[in-house]
Amino acid sequence: MSQSFDAKAFLKVVTEQPGIYRMYDNAGVVIYVGKAKNLKKRLSSYFRAQVSGAKTRALVRQICDVQVTVTHTETEALILEHNLIKQYLPRYNVLLRDDKSYPYIIITEHAHPRIGIHRGPRKAKGEYYGPYPNGAAVRESLHLMQKLFPVRQCEDGYYANRSRPCLMYQLKRCAGPCVKGLVSEQEYRHQVMLARLFLQGKNQQILQDLADSMEQASQELRFEDAARFRDQLQALRRVQEQQSVSGNLQDDLDVVGLACERSLACVHVLFIRQGKVLGSRSYFPKIPPDTDAQEVLQSFLLQFYLSDAGGRQVPGEVLLDRSLDDEVVLSDTLSQHQGRKVRLRSRTRAERARFIKLAHTNAETALASRLAHKSTLRQRLSQLEELLELRPIVRMECFDISHTMGEKTVASCVVFNSDGPQKSEYRRYNIAGITPGDDYAAMEQALSRRFHQADPDKLPDVLFIDGGLGQLARAEAVIAEQLAGQPKQPLLVGVAKGVTRKPGLETLIMGGSHEERHLPADMPALHLIQHIRDESHRFAITGHRAQRGKVRNTSTLEVIPGVGPKRRQALLKYLGGLQEVNRASVDELAKVPGISRELAEKIHDALHH
């Protein structure tokens with residue numbers, strides 16, 4: 001414990017009321033935030049002669065100050081604790097980094113409602129179903145629904161501008177409400193209602209409705225309609241056969257399973273809505289060594305459900321694979337936050353118990369996979385350290401250049417450490433002011449921008465350059481100039497592809513000596529280098545394609561001053577497309593509503609000169 005903190009004097013005056021406490025180190029940084037029903041009792045446990053747990057002993061050694069905030073109830077303390085952890089990110093707390101927005105399926109409020117995917121705050125009017133664990137799960141559901149119910153999934157702008165039905169109508173995956181006369185208002189509303197029942201998990205009700213509709217159409221001699229309802233009925237029955245049956249549950253549940261091993265934790269969450277498993281997701285919160293499972297699970301629940309990330313909502317029931325001491329308080333806290341009853345349960349039977357077992361098994365499997373990956377990565381990194389005679393390697397970076405015939409050149413920088421890719425550290429550089437296709441100049445510009453006034457704590461140990469000797473030499477010149485006087489200098493390594501450009505035939509060119517090394521194709525260190533190189537190539541080409549697509553999707557009219565969206569639309573509509581606008585004379589342009597003679601001359605000049 002720090003000599004500057006007088007624990008005895010502090011404990012004499014600390015209150016016995018509920019609240020939260022913040023612990024600071026000698027630099028004034030918050031290193032831990034905790035809550036307590038009785039602050040005096042809880043804080044006294046830290047300063048006993050014998051403190052259990054390596055994590056607690058390491059924490060206490062660094063305490064230089066403790067500040068407390070009293071709350072009226074334990075529930076208030078939990079909410080305040082969550083907010084402060086989110087604010088300070090203390091290194092001895094369990095931290096869940098989950099800023100991902102969760103997708104929903106929406107049925108909009110329109111004359112002809114659409115079914116689509118929605119992320120973020122739920123401001124648009126309509127009915128929301130979810131959340132789904134990821135976009136792929138939503139797209140799979142939407143694709144399935146398109147085969148079952150001919151309800152439009154196109155965007156409103158596309159729908160409003162149709163004069164004839166699109167390909168989805170020809171494929172019988174949309175009823176074509178965009179064109180008058182193709183489907184009656186009553187029939188379209190009927191299909192929307194069936195889609196709504198499907199999302200609510202009421203498949204039996206849909207089957208009964210379709211059977212009744214088929215019978216009625218048959219009696220009224222509408223045999224085409226009867227055949228259509230028959231096909232829908234058969235398609236839905238096939239879907240039911242393919243889907244796994246989850247029992248008779250019709251509730252909204254989240255099921256949480258936890259696995260901990262070797263200072264790593266995995267929390268697996270099953271998302272169940274109206275008795276259907278929408279999907280699941282594994283989370284790997286950052287935990288200090290020697291953190292017990294109870295603290296991990298409690299911290300996860302608070303950060304996961306109180307953060308409201310991506311519009312996430314808490315279901316009425318959350319099942320846990322182990323009991324918590326503060327289960328009742330946590331339930332009250334979540335209920336207060338949601339404004340309705342939320343119940344945490346760990347003791348269950350029958351179907352709920354099977355779901356809990358499934359979540360726990362998934363957590364263990366995901367953790368075993370992560371540990372195996374980390375072990376493999378550690379082995380590869382250790383071999384690379386030996387190969388490069390550089391220990392330890394903490395940070396690696398790789399640069400790559402991407403363009404198409406010199407168009408929209410983009411450079412990428414990816415970062416790896418002992419845990420693998422650090423995607424939050426990735427950077428792209430849009431290259432400008434060079435001769436198109438000059439990869440050497442592009443590399444020079446990217447490296448200059450990366451290492452100009454670079455943070456000394458974020459300098460790489462190894463800098464890989466995707467290219468041959470020319471690229472490496474240019475990189476050496478830039479690094480020598482930008483990092484002159486820096487005590488830490490990265491080791492530069494060029495990664496040149498072989499003549500056939502096949503993986504495993506790469507040549508490593510060492511910085512400084514320019515010695516060439518050919519590694520065996522089955523060598524783990526080479527696999528790590530290939531992984532880093534491939535990731536930089538993927539990141540560069542993704543950025544380049546986005547930039548290129550943006551340019552190619554931009555109309556030449558968009559860069560003409562004075563021609564906004566309405567005038568562009570008027571020009572295209574009145575003259576019949578961009579080709580006709582290009583061919584039009586000044587007189588023809590001036591006849592377009594809203595286009596003056598002076599503006600027509602500007603447009604003509606911009607298009608032809």
Side-chain angles (χ1 to χ4, degrees), residues 89 95-101 133-136 262-268 281-287 309 365-385 387-388 390-402 410-430 443 446-447 449-451 454-455 457-467 475 490-495 497 503-504 506 508 519 523-546:
L89 301 175
L95 301 177
L96 172 67
R97 301 183 185 275
D98 178 38
D99 54 358
K100 184 174 181 174
S101 64
N134 50 55
R262 288 192 247 160
S263 297
L264 274 178
C266 174
V267 184
H268 190 85
R281 190 167 164 217
S282 294
Y283 301 85
F284 297 90
K286 182 183 176 185
I287 64 170
T365 304
L367 183 61
S369 176
R370 174 63 68 98
L371 285 167
H373 171 72
K374 285 179 77 73
S375 175
T376 305
L377 195 64
R378 185 63 246 174
Q379 179 196 354
R380 290 177 174 180
L381 186 60
S382 178
Q383 193 180 66
L384 184 64
E385 289 174 340
L387 178 75
L388 300 179
L390 187 65
R391 287 183 184 274
I393 295 177
V394 177
R395 182 184 175 103
M396 297 174 284
E397 294 185 10
C398 184
F399 277 77
D400 188 25
I401 306 293
S402 182
V410 171
S412 72
C413 170
V414 301
V415 181
F416 276 59
N417 65 12
S418 57
D419 294 324
Q422 301 301 296
K423 295 193 176 182
S424 61
E425 298 276 333
Y426 284 17
R427 295 292 179 268
R428 284 197 190 100
Y429 302 92
N430 294 326
M443 182 65 76
L447 289 168
R449 287 163 63 182
R450 160 66 182 96
F451 292 105
D455 182 352
D457 295 331
K458 289 197 173 183
L459 290 178
D461 299 291
V462 184
L463 178 59
F464 293 104
I465 304 297
D466 187 13
L491 171 64
L492 272 70
V493 180
V495 185
K497 299 180 182 72
E506 292 87 353
L508 301 186
L519 304 184
M523 190 176 189
L526 178 61
H527 297 163
L528 177 57
I529 294 169
Q530 288 170 341
H531 184 188
I532 297 169
R533 191 271 318 279
D534 291 346
E535 182 69 355
S536 70
H537 184 62
R538 178 201 65 78
F539 194 57
I541 204 165
T542 304
H544 161 63
R545 283 174 178 164

Point to revise | Straight-line distance of L447 CG to Y429 OH, nearest 0.5 Å | key: 8.5 Å
Review point. Can you check whether K458's main-chain N or O pairs, donor with acceptor, with R395's side chain at less than 3.5 Å?
Key: yes
Check your understanding: Which pair of non-hydrogen atoms, one from Q383 and one from A525, has the smallest distance, and what is that distance?
Key -> OE1-N, 2.8 Å
Practice item. Hey, could you give me the NZ/CG distance between K497 and D466, rounded to the nearest 0.5 Å? Key: 4.0 Å
Practice item. Can you see which heavy atom on S402 is nearest to which on H544, and at what distance? Key: OG-CB, 3.6 Å
**Study point:** Check: E385 side chain, P392 main-chain N or O, donor-acceptor pair, under 3.5 Å
**Key:** no
Review point. When rounded to the nearest 0.5 angstrom, what distance separates CG in L89 from NZ in K286?
Key: 8.5 Å
Review point. After noting the C-alpha distance and the side-chain angles of V462 and L384, does the key distance pass the side chain to side chain contact (heavy atoms under 4.5 Å, CB included) rule?
Key: CA-CA 10 Å; V462 184; L384 184 64; 5.7 Å; no
Review point. When you look at K374 and D419, which way does the side chain to side chain contact (heavy atoms under 4.5 Å, CB included) test go after all the steps?
Key: CA-CA 6 Å; K374 285 179 77 73; D419 294 324; 2.4 Å; yes
Study note, to complete from the structure: So CG of L491 and CD1 of I393: to nearest 0.5 Å the spacing works out to 8.0 Å
Check your understanding: Under a 4.5 Å cut-off applied to non-hydrogen side-chain atoms, are F464 and R533 in contact?
Key -> no
Practice item. For R450 and L459, work out which heavy atoms get closest and say how close. Key: NH2-CA, 4.4 Å
Point to revise | Y283 OH to H268 NE2 distance, which is reported to the nearest 0.5 Å | key: 9.5 Å
**Study point:** Option from L508, D400, I465 for which side chain to side chain contact (heavy atoms under 4.5 Å, CB included) with V495 holds
**Key:** L508
Review point. Hey, does the side chain of T376 reach the backbone of A372 with a donor-acceptor pair shorter than 3.5 angstrom?
Key: yes
Review point. Excluding sequence neighbours, so at least two apart, what forms salt bridge (Lys or Arg N to Asp or Glu O under 4.0 Å) with R538?
Key: E535
**Study point:** Set of residues satisfying side chain to side chain contact (heavy atoms under 4.5 Å, CB included) with respect to P490, sequence neighbours excluded
**Key:** P460, L463, I479, L483, L492
Exercise for review: State which residues pass side chain to side chain donor-acceptor pair (under 3.5 Å) with N417; sequence neighbours excluded, sorted by chain then number.
Suggested key: Q422
Check your understanding: CZ/R391 to CG/L381 distance, rounded to the nearest 0.5 angstrom?
Key -> 9.0 Å
Review point. Around atom NE2 of H537, are there more than 12 heavy atoms of other residues, nucleotides or ligands at under 6.0 Å?
Key: no
Exercise for review: May I ask you to test the F416-C398 pair for a side-chain heavy-atom distance under 4.5 Å?
Suggested key: no
**Study point:** R370 to F284, cation-pi by 6.0 Å centre distance and 45° axis angle
**Key:** yes
Review point. If every non-hydrogen atom of Y426 is compared with every non-hydrogen atom of V415, which pair is closest and at what distance?
Key: CE1-N, 3.4 Å
Review point. Any donor and acceptor pair, going by atom type alone, linking the side chain of S412 with main-chain N or O of S536 inside 3.5 Å?
Key: yes
